[in-house]
Amino acid sequence: MKSVILKEFGGIGNLLIGKAPKPVPRSNELLVKVKSFGLNRADILQRMGRYPPPPGESDLLGLEMSGIVVEDATGTFKKGDKVLGLVGGGGYGEYCTIAASHAIPMPHHLTFEEAAAVPEAWLTAYQALFPLANYQKGDSVLIHAAASGVGTALIQLCKVSGAQTIIGTCGSDDKGDFIKSLGCTHTINYKTTESFYDSVKQITGGKGVNNVFDYVGPKYWNQNLKSLSMDGTMIIQGLLSGASVKENADIGAILSKRLNIKGSTLRNRSEEYKTDLIQKFEKQFLNLFETGALKPVVDKVFEVNDIQAAHEYLEGNHNKGKVIVRSFDFDKDL
Ligand SMILES: NC(=O)c1ccc[n+]([C@@H]2O[C@H](COP(=O)([O-])OP(=O)(O)OC[C@H]3O[C@@H](n4cnc5c(N)ncnc54)[C@H](OP(=O)(O)O)[C@@H]3O)[C@@H](O)[C@H]2O)c1
């Protein structure tokens with residue numbers, strides 16, 4: 001089959017259009033003709049050789065896609081059904097396999113490009129807000145990298161779930177205006193604000209926020225702990241500024257404020273865990289995509305031949321929401 005292939009680990013020049021073996025579905029899997037796929041920070045790390053696929057997964061890049069079912073031995077879907085889903089790898093190929101229990105029927109009014117923007121961003125955001133955070137209706141939340149794919153999903157989930165105060169941080173006023181339009185009640189441009197903690201303190205009347213959703217890591221550690229309320233929870237799902245807090249890491253607040261700090265990734269979770277998460281997300285929120293209360297946020301769509309430019313765009317932090325790629329033969333039928 002046609003595929004984006006990685007010549008060797010490194011820069012964008014190593015992403016080439018080539019051929020790869022067509023995947024063969026296992027007994028619990030579907031074979032899907034990929035129509036669109038989403039880009040993720042993890043793809044950049046994998047391209048650079050810093051994020052190998054879990055054992056047993058395709059070594060082609062790509063963690064999410066939308067497409068058309070070609071084969072399903074499980075009897076869950078029929079040939080021609082449109083699906084979207086999370087894959088352990090292989091979304092950059094012309095075809096990919098996906099566990100039938102991980103494939104989500106595509107809401108009718110979504111395009112393939114919009115549907116491919118759902119799996120990673122929305123399931124990561126859903127995992128953060130529900131199984132991980134101790135989120136309660138009326139809570140106040142602080143979301144970092146709020147204009148990212150995950151951030152734009154999390155803002156909307158917080159809004160429909162009744163969060164009272166939604167503070168988002170981002171790196172430009174343009175992104176600030178955008179996240180406000182999605183539901184942030186307050187925005188902080190971290191490039192022009194000395195301390196986001198001072199803003200959080202002022203916004204919350206000194207109480208701090210109930211939940212911090214962090215994707216940045218070390219450089220925000222101390223301010224994050226200060227920004228949390230008593231019994232607050234911080235969920236760490238990304239480490240955009242590195243993995244070690246080098247000095248003066250304040251851990252006193254963990255004791256004095258009885259803080260909960262949790263981290264997680266989605267990719268290395270078991271098949272059962274993902275199935276359960278996907279089913280709960282589908283049941284609770286999929287219909288809100290039908291009504292328009294929730295919207296996949298697509299910033300820019302690239303053609304698969306422009307995969308290098310797509311990676312460059314994401315890596316340059318230009319996007320507000322998701323970067324999507326139309327796969328091979330996008331305009332042709334099955
Ligand atoms: N744990 C999981 O299961 C899981 C799953 C998916 C994604 N993630 C993580 O979630 C985060 C968002 O992913 P995504 O694909 O949605 O990202 P994305 O759309 O590529 O957006 C990331 C944004 O983060 C901001 N950023 C980058 N470096 C930064 C830094 N050093 N300090 C502060 N802000 C920085 C930039 O926006 P500004 O212009 O605002 O700076 C950038 O546009 C990433 O950390 C990713 O690894 C985790």
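Start at 1 with the first residue, then count along the sequence. Counting starts at 1 for both ligands and their atoms, following the listed order.
A tilted orientation is assigned to the rings of His144 and Tyr220, their planes being inclined by 30° to 60°.
The cationic atom of Arg41 (NZ for Lys, CZ for Arg) does not lie both less than 6.0 Å from the six-membered ring centre of Tyr215 and within 45° of the ring axis.
Remark: Asp177 does not engage Lys180 in a salt bridge, criterion side-chain N to carboxylate O under 4.0 Å. Salt bridge Asp250/Lys226: absent, no basic N to carboxylate O contact under 4.0 Å. Ion pairing between Asp43 and Arg47 fails under the 4.0 Å rule for side-chain N and carboxylate O.
Note: an N/O pair closer than 3.5 Å links Tyr190 and ligand 1 by distance alone. Taking distance alone, with nitrogen or oxygen atoms compared against 3.5 Å, Gly171 approaches ligand 1 more closely than that limit. Residue Arg41 has at least one N or O atom closer than 3.5 Å to an N or O atom of ligand 1.
The distance from ligand 1 to the heavy atoms of Gly238 drops below 4.0 Å at these ligand atoms: 45 (O). Short contacts between ligand 1 and Cys170, defined as distances under 4.0 Å to a heavy atom of the residue, involve ligand atoms 40 (O). Residue Ala145 has at least one heavy-atom neighbour below 4.0 Å for each of these atoms of ligand 1: 24 (O). With ligand atoms numbered from 1 in the order given, ligand 1 contributes 5 (C), 6 (C) to contacts under 4.0 Å with heavy atoms of Glu120.
Heavy atoms only, all atoms of each residue included: Leu142 and Thr169 are closest at CD1-CG2, 4.0 Å.
Proximity of Leu266 to ligand 1, defined as any heavy-atom pair under 4.0 Å, is shared by backbone and side chain alike. Residue contacts with ligand 1 for Ser264 involve N, CA, C or O but no side-chain atom from C-beta outward (heavy atoms, distance under 4.0 Å). By the criterion of a heavy-atom distance under 4.0 Å, the side chain of Lys219, and not its backbone, is placed next to ligand 1. With a heavy-atom cut-off of 4.0 Å, Leu314 touches ligand 1 through its side chain alone. If you look at Thr124 next to ligand 1, the close heavy atoms, those under 4.0 Å, all belong to the side chain. With a heavy-atom cut-off of 4.0 Å, Lys175 touches ligand 1 through its side chain alone.
Apart from Ile12 itself, the hydrophobic cluster it occupies contains nothing, where clustering links Ile, Leu, Val, Met, Phe, Trp and Tyr at side-chain heavy-atom distances under 4.5 Å.
Atom 48 (C) of ligand 1 has its nearest heavy-atom neighbour, among Gln237, Glu64, Lys191, in Gln237.
When only non-hydrogen protein atoms are considered, atom 7 (C) of ligand 1 lies nearest to Val150 CG2, 3.7 Å. What sits closest to atom 10 (O) of ligand 1 on the protein, heavy atoms only, is Tyr215 CD2, 3.2 Å. Distance from atom 26 (N) of ligand 1 to its nearest protein heavy atom, with residue and atom name: Leu240 CD1, 3.7 Å. Protein heavy atom closest to atom 42 (C) of ligand 1, with residue, atom name and distance, is Asn317 OD1, 3.3 Å. Remark: minimum distance from atom 21 (O) of ligand 1 to any protein heavy atom is reached at Ser148 CB, 3.0 Å. Asn319 ND2, 2.8 Å is the protein heavy atom nearest to atom 19 (O) of ligand 1.
The main-chain N or O of Pro54 is never found under 3.5 Å from a side-chain atom of Glu57 such that the two would form a donor-acceptor pair. Formation of a donor-acceptor pair under 3.5 Å by the Ser241 side chain with backbone atoms of Val216 is found in this model. Between the side chain of Arg258 and the backbone N or O of Met230, no donor-acceptor pair lies under 3.5 Å.
No hydrogens or angles considered: a donor-acceptor pair under 3.5 Å links the side chains of Tyr273 and Gln127.
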Below 3.5 Å, can you tabulate the donor-acceptor pairs from side chains in residues 60-70 to any protein atom, sequence neighbours excluded?
{"from": "Glu64", "atom 1": "OE1", "to": "Glu120", "atom 2": "N", "distance (Å)": "2.8"}
{"from": "Glu64", "atom 1": "OE2", "to": "Asn40", "atom 2": "ND2", "distance (Å)": "2.9"}
{"from": "Glu64", "atom 1": "OE2", "to": "Lys322", "atom 2": "NZ", "distance (Å)": "2.6"}
{"from": "Ser66", "atom 1": "OG", "to": "Phe112", "atom 2": "O", "distance (Å)": "2.7"}

